[in-house]
Structures are given as C-alpha cells and as structure tokens.
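Only one structure is covered here, and it is reproduced in the block below.
Ligands are counted one by one from 1 in listed order, and the atoms in each one are counted from 1 as well. For the single chain, residues carry numbers from 1 onward in sequence order.
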Amino acid sequence: MPSDNFTSNIIAGKHVPAQSGKTLSITNPATGESLGTFAASSAVDVNAAVKAARSALEGKWARTAPGQRTRILFKAAQLIGERAKDLAVAETKNNGKVLGYVLGEINQAIEDFEFFAGAATKANGIVPPLHGAFFGYTVKEPVGVVAAITPWNYPLMLESWKLAPALAAGCAVVLKPSELTPMTANMLVDILQEAGIPEGVVNVVHGFGSEAGSALVEHPDVNKISFTGGTATGRAIMKAAAATMKRVTLELGGKSPAIVCEDAILNDAVLGSVFSIFYGVGQSCEARSRIYVHESLYDTFVEKFVEAAQKLKIGDPFDKATHLGPLISPERIALMESFVESAKQDGGKVLCGGARLTEDDLSKGNFFAPTVIVDLPESNRCVQEEIFGPIVVISKWKTDAEAIALANGVIYGLAATLWTQNMTRAQSFIRAIKSGIVTVNTPATALPGLPFGGFKQSGLGREMAMETMNAYLETKTVLMNALNKPVNPFGI
Ligand code: NAD
C-alpha cells in the first residue's frame, strides 16, 4: 500500500491530506486489485495550493537566474533517469500500460526536461529598429501561476510536458493529475524538489475534475491553464477561463487518419498502422483510428492487418511478451461494446475482436480485443467520434482528392500519417491535410523539439517545442524616449 507521502497533496512543499479528509480509490486495471486511496481535494485545498504557488512565485523563485533553472531541470532529468524503474512500475500498476512502453515514455519525459532546461536561458525579447526618437525592446516574464491538468493515458510524460516548460519560464504550478492515475505525480514532484525547485513552486492537488479541477479553472489567481484531456472538458475549461481571461493551452481529442497510397511499402504500412492504433490499447490522443487504403491495395492490406492484429499478445503489462494491457476502467468496456454495436447496426463488418477478453486471469481486468471494422459509412460514430480504445475502421479510396476529403472529414485534426514512397506526392497531401502533425512512413508523432498539438477541435497551442515557452511567458514591451529634449507633444 502506498505511504501517506505518496497519496497526499503537496502544498508549499509539505505532504498534506485533503482538508475535508475525503479520499478517492484507485484500482489496478489489469487485476482489479485496490491500489489504495488518494486525497480527494476541494476548493479549500485548491485555494491553499494557489496561495502557496503565488507566494513562491513572488519569493525566491522570481529572483532565480535562468541558468539556475537550467541546472535544476537538468538535475531533475538525471534523477528521473535514476528512478525510472520505480516510476515505471508504479505507472504500469496504475494505468495498465506495458512496462517497457512506460519506460520509453519516461525516457521522453527526461528528454523533455533536458530540452526545456536549455530553453530557460533562451527566452529572448527583441530590440526592433524604431524611429530615432525612441528606443524599444521586449522582455519575457513568467505568465504567473499555472494550473496543469492532466489525463490518465500518459500520466508522468504529460505532466512533464507541462512542468518542464512552465518551470523553465519561471512560473509556479498547481498540478492536478487525473483521479484515475495519481500514483506517479507525487514521486515526480518530490524529485523536482530534490533537484532544487523551491517549496511551493510546484504543488499537487489530487481529486476529481468536477471538484478540484473546476475549482482550479475558476480560481481568480490562476493566470494560465495548461490542459490535456477530452474535447468536451476542453470546451468547458475554455469557457470558464474566459471569466478572468486566463491563458489556455488545450491538448484535446483526436480521430486521426492514416492514408495508405498504392506505392506504399505494404509491410511497413501494415505494421506501422497496427502500432499507431493499438499502442496503449488505442488510448492515445494521436491514435490513427481511421485507415484509408488505396483501392488497389485494400484487400491485401486488410488481410495482412487483421493477421498482424491477431498476433498481438494481450495480458499482464509486466510480462515482457505482452503488447497490450487493459483499458483504464470497466466503464470503457461497455463503451467499446456500444461502438461495435453501432457499427454492426450500420452494416459494418467486424473482422476481428469486437468483444471483451475473459479467458483465465484476463477476466479480472478490463481487457478488450483489438478490433478491425470495415464497410462502414463515414457518418457512423466509429468514424466520427474519438473511441479511445482498440477499434480501427479501414476504408478505401480511389483518387488523392477523395483520400484528402476523407482524412479531413471529422471535427478533429491532431495527427495524420501518410504511407507512400513518392515524396513529391507526399507534399501535396501534407499541404491539404488539416492536422497539427503529419507524419510520413512512421507511426511516431511526438519528439521533444517538434511542436505537438492540434488543428480544429483537437486543441489550442503547442507543446514540447521552443514555441511552447511563449505559452508560459508574457511579453512586456518597453518604450523609451531616446531624445534629450523637453517633452511637449501637444506643443502647448
Ligand atoms: P478528461 O477530460 O476526462 O480529464 C482530463 C483531466 O481533466 C483530469 O485530470 C480530470 O480530472 C480533469 N477534469 C475533468 N473535468 C474537469 C473540469 N470540468 N474542470 C477541470 N478539470 C477537469 O480526459 P481523460 O479521460 O482523462 O483523458 C482522455 C482524453 O485526453 C482523450 O480525449 C484524449 O484524446 C485526450 N488526450 C489528448 C492529448 C493531446 O496531447 N492532444 C494527449 C493525451 C490525451
């Protein structure tokens, strides 16, 4: 069972329970076993955390030199590396993702801290050429107190995507991790403090979105919200933020397409596409959950895809042979079943999967088989809505224009993948696809240094890159009189 340090809030550097004494329970999604209880915070806890962040921001932290922040963030990266195994074990228990993949995500968190460690000293302003009567320049200042609100699908990695740039910019943070996956948040923040982040600069409030999350979003002393989660929650947050004009970064849902051209390397396209939908059991915002295959390749592609999907080993996420763990909660199983049912009602054919897995120990967890659906009208909810599970729809196209229209035919625009050997033709697809990220011949979408974020209703703003720094900074323009003459603009 986790210790109190593990399960409490962190406010002003101290581990404290929710003031109401309320807790929330978490469960291992692979086994159904209880993982203990965490603080279930309410507005009073959020107030205390925001107050601690404000006073830390205006205290020592405000006077920390950028180079000092660089050293702290590099140290944090090093400590995360040293504790990677412990962090990964806790994360796998809590969100069910396969241990080896979680270690990869922790590695990305380390790279993110390293990237923003370097960025801390490069938040430069400008000195533009002006009329000779003036001297003007800009300075970048921390935006202030940041509320970082994160989901359950990549807990530690996405917390790092927000904490690293916020700290590099000199902000103070209140982090609210997902109520489903709070287990690694305190471990991460303890590491940051050990690395030299002063007490109160990063605070953690655990709890439900409807209570702790909304109290943070509505708090008048929060200057910026950096949110990753569902599109519906993102809309509500944007509305609430308007009341005090909080800055917002929103990384939201997706329904991303893969386009397979007739000149694609078939094996790469099949295996890359299997990975890009089924990684994390499809519980990824960038999951390529719609695959559009040129009609000349369609039958062979579908046959090979189903064959590959059926080779995936599903089960214990601590077993090295496992490819896919469980879904995060039992409710997701019922949701998957409802998507499959709606596909069937619309004439869709389920070529594999389509149901919960219950053999042996799988019955204890939330396991669902990788599911391939074909012959579905584009209007079906399996094509239009984010499923966030192991369900993919494969369809065919004839002309490039048709493929582009299909790819763009949803409200989302996060990550699209193109499989072709013709890089000239790839350019015309890249220009036409309305998506924050377009990848060519690779399922990968997120590497520190490259902006990550969506067009359309997939979000607002970009993470992981130099431009991310601006989301945590305000620009202050300074304009000075450069003439040594009396000031009398009205000439009176
Ligand atoms: P969610 O929106 O239910 O919850 C995300 C976080 O917001 C949680 O911490 C939750 O407690 C909090 N929250 C919920 N309601 C709130 C409210 N009214 N006010 C403030 N906070 C609130 O999302 P989820 O189910 O945890 O995560 C899945 C979603 O996240 C998917 O839609 C997925 O696409 C998206 N996601 C996007 C990205 C990206 O970078 N674009 C990355 C990962 C996940």
Response to the item:
Sorted by chain and residue number, the residues having a heavy atom closer than 4.0 Å to an atom of ligand 1 are Ile149, Thr150, Pro151, Trp152, Asn153, Leu158, Lys176, Pro177, Ser178, Glu179, Gly209, Gly213, Ser214, Val217, Phe227, Thr228, Gly229, Gly230, Thr233, Ile237, Glu251, Leu252, Gly253, Cys285, Glu386, Phe388, Leu414, Phe452

Practice prompt. Tell me, yes or no, whether the heavy-atom count around Lys85 atom NZ, taken from other residues, nucleotides or ligands under 6.0 Å, exceeds 12.
Written response: no

Worksheet item: Hey, is NZ on Lys93 packed in by over 12 heavy atoms from elsewhere, all under 6.0 Å?
Response: no

Worksheet item: If you draw a 6.0 Å radius around NZ in Lys51, do more than 12 non-hydrogen atoms from other residues or ligands fall strictly inside?
Response: no

Fill in: Heavy-atom donor-acceptor pair, Asp112 side chain to Met464 backbone, under 3.5 Å
no

Practice prompt. Over all heavy atoms of both residues, which pair between Ser435 and Phe455 is shortest? Give the atoms and the distance, please.
Written response: N-CD2, 3.2 Å

Fill in: Chi angles and distances behind the ring pair (Phe, Tyr, Trp, His ring centres under 6.0 Å) call for Trp161, Phe452
CA-CA 10 Å; Trp161 283 18; Phe452 186 97; 4.9 Å; yes

